[in-house]
Every structure is written in C-alpha cells, then in structure tokens.
Amino acid sequence: KRLRGLMLLGGRSDYTPAEVALLNVPFVCCSYSNHYGTLRDEMYSSVSIEDEEEAYRAVMELYRRGHRRIAALVSRPDDRSISQLRYQGYARALADCGLPLEEGLVLCAGSYDIRDAYDAARRALNAGADFTALFAIADNMAIGAMRALHETGRRIPEDCSVIAIDGLTVSEYIHPVLATLCQPMEEMGRCSVEILLDLVEGRGTQRHETLPTALREGASMRQIEGQVMPCSWRRISTRPRRSMEKSCGNQIQYAMALLPSSVAELLRHKEDLHGVGVGLAVQDQRGVAHAVRGGTVRAAAEHRAGGLEVQ
C-alpha cells in the first residue's frame, strides 16, 4: 500500500522545504513545531504547547512562591529546538521579575537524558551553585536532578523546590511527587490524527494548534516565607488568534490567582478581556495590581491611592 500521510512524534524544529519535499505526503508535527526552520505555515501542520510561554509560567510559579535564586536545567540554550525555546522563557521570566540571568545557574546537560541531567546537576552542586529552586525543561531531567540534590544533602522541597514541564506518569511515582506542567498528550494525539485525516481525505487545509498545559502541583515546591512580589508588567501571550481562542481562558484563570480578589472580580466582568494579546501582571508589596489587554485596555486597583481606578 502507498504511504498517504505521516504523524511525526517529536523531531527537529528547523526543517527546510528541500528536506520535507522528499516526503511527498502530508505530515503533522505532534508535540513540536518548526519554530527555527524555513517552512511556510501552508507547508505543514503542527500540534504543540507554547514552549516558551509554558517555561515562563513554570518560572513564575517558583517566583510567586518567594524564590529569587532560580536555576534552569536545559539540554543546551542554543539547540534551535525545545530546549532553546524553554530557556528563552526562563530568561524572559527572570528579566520580567528583575532578576539577573547568571551563567552559573544555567545547567547544561547536553541532551535530555536522565543521566546527563543528573551529571549536570551534580557538577553544579559540587561547584557550589547557590539556588533555592530549579526549573527543569523536562520531567526526566528533573528526576535526574532530584537524585543529585538528594545525594548532596539537599532536601526537596525544604532546601530546593523543583518544577518541570511534561507530565510523565513516572514523575507521579517518585518522592516527592514532581511539580510539573502537564502536556495534554491525549488531546495532542487526537488533534494530530484529525488534522492528518482531513489532509489525506481532502477535507481540510494545513493547521497549527497550540494547546495549554495543566499544573500538577505535586509536592516538590514550597513557599518561602517573607518574600513579596514586586510589581512588574508582563505579557502572558502574544499568540495569534487561532491559538488564543483555545488557550485564553486557561491563561486568564492562571493569572487570576495572582491578583487580589477585588481586581479579579473586576476582570471577570470585563468581557473585552477575552481577546488577542492578553497580558497580566501581579501585585506589589503595596497591593498594586494591573492588567492589560492588547496594550491598550487597562484596569488597575490602586490600593495606595485608596480606591479603584479603571482607565
């Protein structure tokens, strides 16, 4: 029988038109996109999470729990693939929080292998790397790092909080249970198959779907007492409408947890918040909280001014 279509479960993020021309059949990139390649959108389909944004969110989960010394465990920060995207989310989160990007806190494993991740974490810890929290770009890398932390006398989460991205089943059965942003794996697979069948049977065109993750809090993060969150404007997403329509509600729900109840109540009733380019920021030590939509619509609770101001 003749091959009619392909679903690629992981792969490179820098394909060229010449490379995919050899396939000569429709294909869907499941769990990744061609972010660093030269393919036009109409040449392929993809279903993935927003890797940079989800990494940003993971770091913010640590930051809002009071952590200021946050390390990142990556494959390489310049691999033109998922590791680079998630590293960029880490770096952007630090910048938005006013934290320096320290070379000594970026642990490079050179691969996604659990042993390489263990070795990278062990080297950093033996060299005296000072951090209270670790963001690992993948669950299995986090598991390797957790062993290194245990072997060097660091308790999780008492001495070091850990969060990752993936949602692998095995990470639910380690101690402590890993906090991670779970990819919607079943939904990604279903959506990829639907797109491919539509292409093969001539019912549809190329599509690019971005799906949200879900936080599994686990038991590997803790709140550091006495820390406050300085006010800083930040954009949660710059996704195009096709992605935002599916993920906007999830992003808003996450950001609401960071806002005072009075401001959250205000925003729940602002219908125009549900649109493209949603951005939200968090409260400072004086209770100032902000939200912005599309860079133009702004709602602010100015507790220090003694009232509510809407612009």
Would you mind reporting whether [Y] and [X] have side-chain heavy atoms less than 4.5 Å apart?
{"X": "Pro17", "Y": "Leu39", "answer": "yes"}
{"X": "Glu53", "Y": "Arg92", "answer": "yes"}
{"X": "Pro77", "Y": "Cys108", "answer": "yes"}
{"X": "Tyr87", "Y": "Ile137", "answer": "no"}
{"X": "Ser161", "Y": "Leu62", "answer": "yes"}

Distance check, rounded to the nearest 0.5 Å: [X] atom [atom1] versus [Y] atom [atom2]?
{"X": "Ser46", "Y": "His35", "atom1": "OG", "atom2": "NE2", "answer": "11.5 Å"}
{"X": "Ile165", "Y": "Met141", "atom1": "CD1", "atom2": "CE", "answer": "11.5 Å"}
{"X": "Gln84", "Y": "Asp78", "atom1": "CD", "atom2": "CG", "answer": "6.0 Å"}
{"X": "Ser192", "Y": "Leu197", "atom1": "OG", "atom2": "CG", "answer": "11.0 Å"}
{"X": "Asp51", "Y": "Ile49", "atom1": "CG", "atom2": "CD1", "answer": "4.5 Å"}
{"X": "Met43", "Y": "Thr38", "atom1": "CE", "atom2": "OG1", "answer": "7.5 Å"}

Given the rule that I, L, V, M, F, W and Y join up when any side-chain heavy atoms are under 4.5 Å apart, are [X] and [Y] in one cluster?
{"X": "Leu211", "Y": "Met7", "result": "yes"}
{"X": "Leu9", "Y": "Val193", "result": "yes"}
{"X": "Val170", "Y": "Leu181", "result": "yes"}
{"X": "Ile163", "Y": "Val106", "result": "yes"}
{"X": "Tyr44", "Y": "Leu6", "result": "yes"}

Would Asp130 and Leu105 count as a side chain to side chain contact (heavy atoms under 4.5 Å, CB included) here? Give the steps.
CA-CA 8 Å; Asp130 177 26; Leu105 296 186; 5.8 Å; no

Short N-O contact, [X] and [Y], less than 4.0 angstrom:
{"X": "Arg222", "Y": "Glu158", "value": "no"}
{"X": "Glu194", "Y": "Arg190", "value": "yes"}
{"X": "Glu217", "Y": "Arg65", "value": "yes"}
{"X": "Asp119", "Y": "Arg115", "value": "yes"}

Begin from the C-alpha positions of Leu168 and Met185 and carry the test side chain to side chain contact (heavy atoms under 4.5 Å, CB included) through to its verdict.
CA-CA 10 Å; Leu168 300 182; Met185 298 178 188; 4.0 Å; yes

For the pair [X] (side chain) and [Y] (backbone), establish whether a donor and an acceptor sit closer than 3.5 Å, ignoring hydrogens and angles.
{"X": "Ser83", "Y": "Asp79", "answer": "no"}
{"X": "Arg155", "Y": "Cys160", "answer": "no"}
{"X": "Glu19", "Y": "Thr16", "answer": "yes"}
{"X": "Arg154", "Y": "Thr152", "answer": "yes"}

Distance-only donor-acceptor check, side chains [X] and [Y], under 3.5 Å:
{"X": "Thr213", "Y": "Gln183", "value": "no"}
{"X": "Tyr56", "Y": "Asp96", "value": "yes"}
{"X": "Arg122", "Y": "Tyr118", "value": "yes"}
{"X": "Thr180", "Y": "Asp139", "value": "yes"}
{"X": "Ser171", "Y": "Arg216", "value": "yes"}

Between [X] and [Y], what is the shortest heavy-atom contact and its length?
{"X": "Leu199", "Y": "Ser45", "answer": "CD1-OG, 3.7 Å"}
{"X": "Ala145", "Y": "Leu134", "answer": "CB-CD2, 3.5 Å"}
{"X": "Met188", "Y": "Ser48", "answer": "CE-CA, 3.8 Å"}
{"X": "Leu73", "Y": "Ala117", "answer": "CD2-CB, 3.9 Å"}
{"X": "Gln223", "Y": "Gly66", "answer": "NE2-N, 3.9 Å"}
{"X": "Ala219", "Y": "Pro176", "answer": "O-CB, 3.5 Å"}

Please report the C-alpha distance between Leu149 and Val162 in whole Å, then the side-chain angles of each, then the deciding distance to 0.1 Å, and finally whether the side chain to side chain contact (heavy atoms under 4.5 Å, CB included) criterion is met.
CA-CA 10 Å; Leu149 287 164; Val162 181; 3.9 Å; yes

Is it true that atom CD of Glu42 has more than 12 heavy atoms of other residues, nucleotides or ligands lying nearer than 6.0 Å?
yes

So for atom CD, which belongs to Glu103, do other residues, nucleotides or ligands contribute more than 12 heavy atoms lying within a distance under 6.0 Å?
no

Can Ser13 and Asn34 be said to form a side chain to side chain donor-acceptor pair (under 3.5 Å), step by step?
CA-CA 4 Å; Ser13 299; Asn34 197 53; over 6 Å; no

Are Arg86 and Glu52 close enough, and set up right, to give a salt bridge (charged side-chain N to carboxylate O under 4.0 Å, His left out), and what steps lead you there?
CA-CA 5 Å; Arg86 295 182 183 180; Glu52 182 177 334; over 6 Å; no

Which residues pass the side chain to side chain donor-acceptor pair (under 3.5 Å) test with Asp198, sequence neighbours left out?
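Result, side chain to side chain donor-acceptor pair (under 3.5 Å) vs Asp198: Arg203.
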
With Phe131 as partner, the option from Ile70, Asp159, Leu125 fulfilling side chain to side chain contact (heavy atoms under 4.5 Å, CB included) is Leu125

Please name the residue in the list Asp41, Ile195, Val47 that meets the side chain to side chain contact (heavy atoms under 4.5 Å, CB included) test with His208.
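Result: among Asp41, Ile195, Val47, Asp41 is the only option passing the side chain to side chain contact (heavy atoms under 4.5 Å, CB included) with His208.
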
Please table the atom pairs, donor to acceptor, closer than 3.5 Å between any side-chain atom in residues 23-33 and protein atoms at least two apart or in another chain.
{"unit_1": "Tyr32", "atom_1": "OH", "unit_2": "Tyr15", "atom_2": "OH", "d": "3.2"}

Take Asp14 and Arg12 through the test salt bridge (charged side-chain N to carboxylate O under 4.0 Å, His left out) and record every step on the way to the result.
CA-CA 6 Å; Asp14 59 353; Arg12 288 166 41 200; 2.9 Å; yes

Could you go step by step and tell me if Tyr112 and Ile82 meet the side chain to side chain contact (heavy atoms under 4.5 Å, CB included) rule?
CA-CA 10 Å; Tyr112 296 87; Ile82 288 174; 3.9 Å; yes

